[in-house]
Amino acid sequence: MQLNEKSRASLEKTILTVQHSILLKIALFVCLIAPILYLLLPIVLTKSAEALIRNDQLVKSDVVVAFAGDALNNRERHAVELYRQGWAKKVVISGAEVAWGIHTADLAKRFVLGMGVPESDILMIRDTRNTRTEARELEKLMQSNQYRSVIVVTSAFHSRRATYTLETAAGDFSIISSPVGTGEPEWRPDRWWSRRKDMITTVREFFSWANTLAGAWQ
Amino acid sequence: MAMTAIIFKRSLLGLVLLGGLTVSLFFMTPTLLIANSETPKSDIIIDYSIDWRSKSGEYIAWLYREGVAPKILTASSQVAEGAFPSDNAREHLIHLGVKPDDVYSFHLPIVGCRAETFAVIAKFIKSQGWNRALIISRPEASRYVGVVGRRVMGREGLEVSVGYAPEDYLELTSDSWASHSKVQRLVDESMNIALDQFYPECR
């Protein structure tokens, strides 16, 4: 009887020691790792956002395309700048109907004409619902005009996915990325989580990447 | 070894329960996001669902004809320099029979979130002497629009109700998980709600 009680007590003591030892290890782990994570996390998050950006060395190309979706027209502005500097011979603009009588491609064309680009140097892609349809329509336009090279202008956060999608749709073209610069009022990758509008943009872009890579359904 | 097995089983059970909860929440999203549609008598109807694919314009015109509110406000920020869909929504409502003097197009600044938008709208509504606003939104935004609208606009002393077009509701809830664009709308709205909680200016 005494032996059994002793054995039981000894076993209980061993279990408690082991449990405490595990808890101690967990506590030590958390105390060591938590500060490292606290210091590293902002760097990791910023680097993740910077990875969304693709900015290539400029090469003279047949066309420069301003992807749709910029309410401030900064994409069109940058595309026209590249056209003026002689990097491309034509400007391609795109858009979709957003309200009765408003087609953003028409608005983009009006903007580009207002910046002095001759109408003969403006090409349009209409009814682009998302990046994938935009890439497909651009590929068709380039094939029909026998263009082989394009400079892609879009927002910085969108640049890598836009060029990836275009390369998937039209791998034999030369595709150069020249995104709109970062900084207010545009998206900024540094500490993006501290600003609501940059947070939603970045998170949405990560989701869109997952969607793109999964070859999402239409 | 026995302890490892216990920990493993409990972890597995926890993961299965979490997975089940996540999947359930995923399919319950329309129910969680969509509130009951309201149509009380109001001073102004706010068209917060400007989209040519939506039937909100027709619904708002019908509410106006039924005398739910004597005035309508279409509100949007720009989609390109100088281009505001609220202007076109106003024209559309006039085309549907609303008197031009009874519908206003309000140009919103580009702001970060719904609360900031409603703060701007609330100031305008208050300045016009209106006190009761009926917001017509997309169905998936209705519950959160109600929460934020009442909180933000309530600070200006406004009474807020939220409704949506029945056709928009039917369109969204029919096979919502079979359509990429519908899933995108539901996920977008869920994401917006979650992210707003982290920013004081958006709560």
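Lettering of chains follows the sequences in order, A, B, ..., and the numbering in each one begins at 1.
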How long is the straight-line distance from CG of B/D196 back to CD1 of A/I200, given to the nearest 0.5 Å? 7.5 Å

Let's test your reading of the structure: which of A/N73, A/V203, A/D70, A/D198 forms the most heavy-atom pairs below 4.5 Å with chain B? A/N73

Any salt bridge (charged side-chain N to carboxylate O under 4.0 Å, His left out) pairs touching residues 85-96 of chain A, not counting sequence neighbours? A/D62-A/K89, A/K90-A/D121

Does any heavy atom of chain B fall under 4.5 Å from the side chain of A/E97, the backbone, both, or neither of them? both

Going by residue number, which parts of residues 55-62 of chain B are within reach of chain A, meaning a heavy-atom gap below 4.5 Å? none

Is A/E119 atom CD crowded by more than 12 heavy atoms from other residues, nucleotides or ligands, each under 6.0 Å away? no

Report yes if some heavy atom in the side chain of A/R77 is under 4.5 Å from a heavy atom in the side chain of B/E81; otherwise report no. yes

Applied to residues 151-168 of chain B, the side-chain hydrogen bond (donor to acceptor under 3.5 Å, both in side chains) test, sequence neighbours excluded, yields B/S54-B/D168

Taking all non-hydrogen atoms of both residues, which atom of B/Y199 and which atom of A/W193 are closest, and how far apart? OH-O, 2.5 Å

Given the rule in the side chain to side chain contact (heavy atoms under 4.5 Å, CB included) test, do B/Q78 and A/L72 qualify, once you have shown the distances and angles that lead to the verdict? CA-CA 8 Å; B/Q78 67 182 49; A/L72 299 174; 3.9 Å; yes

Please indicate whether B/F84 has more than 12 foreign heavy atoms, meaning atoms of other residues, nucleotides or ligands, lying under 6.0 Å from its CZ. yes

Take A/R196 and B/F198 through the side chain to side chain contact (heavy atoms under 4.5 Å, CB included) test and state the conclusion after the steps. CA-CA 8 Å; A/R196 203 267 183 198; B/F198 293 95; over 6 Å; no

I need the contact set between residues 89-109 of chain B and chain A: heavy-atom distance under 4.5 Å, sorted by residue number. B/A89, B/H92

Could you grab the distance from atom SG of B/C113 to atom CE of A/M199, nearest 0.5 Å is fine? 12.5 Å

Any ion pair linking B/E201 and A/R195 (charged N to carboxylate O, less than 4.0 Å)? no

Can you tell me which portion of B/D87 sits under 4.5 Å from chain A's heavy atoms? Options are side chain, backbone, both or neither. neither

